[in-house]
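Here, residue 1 is the first one in the sequence, and each next residue gets the next number. Here the structure is a predicted model, which is why all the values come from computation and not from measurement.
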Amino acid sequence: MANISRIVLGVTLAVIFVASLSSGNMAPRPASLPDAFTLGAGYVPPASAADGRIYVEEGFESDLADILGQQFGRPVRLKAADGDSAEAPDGTVLRLRPDDPRLASGVALALGYRSGLSVAMRSDTAIRRWEDLAGRTVCASEANAEGQRLARSHGARVVVARAPAVALMQLRTGACDASIHDRVLLDALFTSRAWAKFSATLPPTQPTVLALVPTPTASGEILRQAAPALADPAAWRQRQARWGATVAFEVYRDQVGGDCH
């Protein structure tokens, strides 16, 4: 009887799996999964902060790992993509230029998120062009390596902050002349009236696409099959809106002084 029950359960799971592939609404769940997956990322958030505060990160690598973990019912852990470990990740999440040949060849799979870099500034700023950042102080989060490089390329002095909310708080208190982030995320933040005074910006530049590069392994192939479900446009709109609302709250929570006037 127990054997019959297991057979029935197996057939039922197989039917659910095939249906999920047809609908495209969730990642596939093959019958055999590894105990855990690893995703390479350019930045891995610290496990804990000294003050116990948790922040939303600049990118969405942690969110994608959580989503895949829920779909697979297995842990999906982030590891530094440039780490020294001999164990390669099952796949790596990268920011690629839209014309990167890896996207056209299918080596890299676009995950539905694209943005150029821009800045948040006071509405009365005299900064009108990227070149005007020369000699100015620009805040950037630890994870935003591209933003740091872009600001320095224009002659800015870069102050690296733990997280986006910390960088944006320093903008509000006057410690920085600008705070650099993805433009689509700033647009989500600027929907709050509390940011009207700090919503001056510059034209977005250096657009990138968030992409997954799976390894040529069984685990990598499972990630490859899961990638299309991660690219749902409605889900990305929700993530971006949630980012803006959460970061606005974190800035409000952390800001101990008044806005710079």
Measure the acute angle between the ring planes of Trp195 and Phe198, then classify it against the limits of 30° and 60° as parallel, tilted or perpendicular.
-> perpendicular
Fit a plane to each ring of Trp236 and Tyr113, take the angle between them on a 0 to 90° scale, and name the class: parallel (under 30°), tilted (30 to 60°) or perpendicular (over 60°).
-> tilted
Validation row: [X], [Y] side chains within 4.5 angstrom (heavy atoms):
{"X": "Ile222", "Y": "Phe72", "answer": "yes"}
{"X": "Val160", "Y": "Gln148", "answer": "yes"}
{"X": "Thr208", "Y": "Glu146", "answer": "no"}
{"X": "Ser153", "Y": "Arg149", "answer": "no"}

Is there a chain of hydrophobic side chains (I, L, V, M, F, W, Y, each step under 4.5 Å between heavy atoms) that links [X] to [Y]?
{"X": "Ile180", "Y": "Val159", "answer": "no"}
{"X": "Leu223", "Y": "Val209", "answer": "no"}
{"X": "Leu117", "Y": "Val93", "answer": "no"}
{"X": "Ile67", "Y": "Trp243", "answer": "yes"}
{"X": "Val119", "Y": "Val166", "answer": "no"}

Among Leu68, Leu64, Asp90, find the one that has a side chain to side chain contact (heavy atoms under 4.5 Å, CB included) with Val76.
-> Leu68
So, taking the atom named [atom1] in [X] and the one named [atom2] in [Y], what distance separates them when rounded to the nearest 0.5 Å?
{"X": "Thr205", "Y": "Trp130", "atom1": "OG1", "atom2": "CH2", "result": "6.5 Å"}
{"X": "Arg224", "Y": "Thr217", "atom1": "CZ", "atom2": "OG1", "result": "10.5 Å"}
{"X": "Leu230", "Y": "Leu212", "atom1": "CG", "atom2": "CG", "result": "8.0 Å"}
{"X": "Thr191", "Y": "Gln240", "atom1": "OG1", "atom2": "CD", "result": "11.5 Å"}
{"X": "Leu150", "Y": "Ser118", "atom1": "CG", "atom2": "OG", "result": "9.5 Å"}
{"X": "Leu109", "Y": "Leu210", "atom1": "CG", "atom2": "CG", "result": "11.5 Å"}

Using modelled atom types and a 3.5 Å cut-off, is there a donor and acceptor pairing between side-chain atoms of [X] and backbone atoms of [Y]?
{"X": "Ser192", "Y": "Leu189", "value": "no"}
{"X": "Thr38", "Y": "Arg77", "value": "no"}
{"X": "Ser115", "Y": "Arg183", "value": "yes"}
{"X": "Arg74", "Y": "Phe37", "value": "no"}
{"X": "Asp66", "Y": "Asp63", "value": "no"}

So which heavy atom on [X] is nearest to which on [Y], and how close?
{"X": "Pro45", "Y": "Leu78", "value": "CD-CD1, 4.2 Å"}
{"X": "Leu103", "Y": "Ala211", "value": "CD2-CB, 4.0 Å"}
{"X": "Pro98", "Y": "Pro207", "value": "CD-O, 3.3 Å"}
{"X": "Cys176", "Y": "Val138", "value": "SG-C, 4.2 Å"}
{"X": "Ala108", "Y": "Val213", "value": "CB-CG2, 3.7 Å"}
{"X": "Tyr43", "Y": "Glu142", "value": "OH-OE1, 2.5 Å"}

Between [Y] and [X], is there a salt bridge with N-O shorter than 4.0 Å?
{"X": "Asp254", "Y": "Arg53", "result": "yes"}
{"X": "Arg95", "Y": "Asp182", "result": "yes"}
{"X": "Arg97", "Y": "Asp99", "result": "no"}

State whether the number of non-hydrogen atoms from other residues, nucleotides or ligands found under 6.0 Å of Arg128 atom CZ is greater than 12.
-> yes
Would Val184 and Arg114 satisfy side-chain contact (heavy atoms from CB on, under 4.5 Å), going step by step from the backbone distance to the final call?
-> CA-CA 8 Å; Val184 297; Arg114 172 175 173 162; over 6 Å; no
Full working for side-chain contact (heavy atoms from CB on, under 4.5 Å) between Thr137 and Gln170 = CA-CA 10 Å; Thr137 301; Gln170 291 173 328; over 6 Å; no
Test side chain to side chain donor-acceptor pair (under 3.5 Å) on Glu58 and Ser141 and set out the steps.
-> CA-CA 7 Å; Glu58 195 76 42; Ser141 70; 2.6 Å; yes
Trace of the side-chain contact (heavy atoms from CB on, under 4.5 Å) decision for Arg162 with Glu57 | CA-CA 9 Å; Arg162 162 64 192 89; Glu57 295 297 335; 2.6 Å; yes
For Leu168 and Arg172, what are the C-alpha separation, side-chain angles and deciding distance, and is it a side-chain contact (heavy atoms from CB on, under 4.5 Å)?
-> CA-CA 6 Å; Leu168 287 158; Arg172 293 188 71 111; 5.8 Å; no
